[in-house]
Amino acid sequence: VDGQRLEVQGLGLGVRAAAVGLAVGSLAMVAVQTPALLGRVSLRGLRWRVDRAFVRSLAPALPIVVFSLLRHGQVYIERFLGSFLTPGSISQLNYAQKVAQIPMALAASVAVVSFPALVRSAQRGETRRLRDALEHDLRLTLALTVPAAVYLITAAGTVVGTLFERGAFTAADTASTAALLALYSPGLVGHALVNVALLPFFSMPEHNRIPLRAMLAGLAVTVAVALSLRGALDARALALANACGIVVAGGLLLVAIDRHIARLRW
């Protein structure tokens with residue numbers, strides 16, 4: 001890699017080689033898992049038809065789908081507003097966000113592992129066990145994300161420089177991207193709270209619209225902060241807006257847990 005072109009065995013694919021590598025790697029992951037799947041699931045009885053009862057059963061999942069789209073909507077809003085800023089702003093935002101996502105993915109794994117147990121407790125009406133599990137998961141995710149956020153804020157320049165500063169990525173790019181990373185990083189706590197706090201609501205169909213409303217409020221905050229500060233802070237306003245929006249969404253979910261599910265003990 002020379003910073004300008006990415007060559008694959010002399011094919012001269014340029015930056016497209018990265019897309020090829022991603023596709024090949026994804027197919028390889030599917031190929032590795034397919035034998036285990038076929039050992040447990042038979043495809044002989046598979047029928048391609050629309051089951052109306054199955055389609056109706058998907059209705060309770062609609063708020064969850066919309067919530068997921070709105071959560072990703074933060075990125076699209078950010079990129080749209082970033083297109084009006086100085087050239088290179090979107091790239092710097094993307095670099096900073098990718099780095100910030102590394103500890104966030106670690107915290108998200110806690111939510112993935114805990115979800116089945118939370119569902120069982122919610123379905124059985126075991127409020128005390130559900131509360132204990134939520135408190136444990138919240139403490140664990142905060143223990144992972146708060147130190148990570150502090151480290152990324154204080155060492156943003158070192159992290160970005162080590163990862164990217166070579167070739168066409170200059171010291172000036174490092175400084176600009178590090179400033180964005182430092183503003184993104186407090187949002188790690190918000191993402192951690194959202195990942196865990198939404199689980200009990202998705203376990204209870206009667207409450208599964210609450211995360212949707214919380215995310216709408218978070219998006220409203222994102223847009224308001226970005227528009228009000230964009231002129232003064234340029235791309236930094238978008239990173240700050242992203243962090244503010246997700247922290248608001250996570251805080252609203254915690255309040256909703258206290259009101260509708262169980263009072264948390266901090």
Side-chain angles (χ1 to χ4, degrees), residues 1-8 11-26 68-108 145 148-191 194 218-219 221-247:
V1 181
D2 64 4
Q4 298 293 330
R5 293 178 57 82
L6 185 60
E7 304 291 340
V8 177
L11 296 180
L13 296 178
V15 72
R16 290 175 292 177
V20 172
L22 179 63
V24 172
S26 300
S68 300
L69 292 175
L70 289 176
R71 187 168 182 182
H72 289 291
Q74 268 198 316
V75 177
Y76 295 112
I77 291 172
E78 181 183 279
R79 299 301 189 263
F80 173 77
L81 295 176
S83 66
F84 295 96
L85 301 177
T86 55
S89 295
I90 292 179
S91 296
Q92 292 166 0
L93 286 165
N94 185 61
Y95 279 116
Q97 191 175 62
K98 292 300 183 185
V99 175
Q101 284 177 345
I102 296 173
M104 186 182 72
L106 180 62
T145 54
V150 172
Y151 174 74
L152 289 178
I153 291 171
T154 57
T158 302
V159 172
V160 174
T162 301
L163 291 175
F164 304 122
E165 192 177 322
R166 56 189 60 86
F169 199 100
T170 66
D173 296 318
T174 294
S176 299
T177 304
L180 297 176
L181 177 59
L183 291 171
Y184 268 129
S185 297
L188 291 175
V189 178
H191 283 289
V194 169
L219 276 179
V221 170
T222 299
V223 173
V225 173
L227 291 178
S228 61
L229 298 179
R230 186 177 54 171
L233 298 180
D234 201 56
R236 290 172 295 171
L238 305 186
L240 179 61
N242 185 298
C244 291
I246 199 64
V247 168

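Note that the structure is predicted; figures quoted are calculated from it, not measured.
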Does any part of the side chain of [Y], heavy atoms only, come nearer than 4.5 Å to the side chain of [X], both counted from C-beta?
X: N242; Y: L93; answer: no
X: T174; Y: F169; answer: yes
X: L152; Y: L188; answer: yes

Original post:
Would you say S176's side chain and D173's backbone share a donor-acceptor pair under 3.5 angstrom?
Top reply: no
Subject >> Test item: S228 side-chain N/O and V225 main-chain N/O as donor-acceptor pair under 3.5 Å >> reply: yes
Gap separating the [atom1] atom of [X] from the [atom2] atom of [Y], nearest 0.5 angstrom:
X: L240; Y: L229; atom1: CG; atom2: CG; value: 6.5 Å
X: L180; Y: L238; atom1: CG; atom2: CG; value: 8.5 Å
X: L219; Y: I246; atom1: CG; atom2: CD1; value: 8.5 Å
X: S89; Y: L81; atom1: OG; atom2: CG; value: 11.5 Å

**OP:** Start with the C-alpha distance between Q92 and R236, add both sets of side-chain angles, then the distance that settles side-chain contact (heavy atoms from CB on, under 4.5 Å), and finish with yes or no.
**Re:** CA-CA 10 Å; Q92 292 166 0; R236 290 172 295 171; over 6 Å; no
**OP:** List for me each residue that meets side chain to side chain donor-acceptor pair (under 3.5 Å) alongside T145, sequence neighbours excluded, and say none if there are none.
**Re:** none
Let me check something: any side-chain donor-acceptor pairs from residues 94-108 under 3.5 Å, sequence neighbours excluded? List them with distances.
| unit_1 | atom_1 | unit_2 | atom_2 | d |
| --- | --- | --- | --- | --- |
| N94 | OD1 | R79 | NH2 | 3.4 |
| Q97 | OE1 | R79 | NH2 | 3.2 |

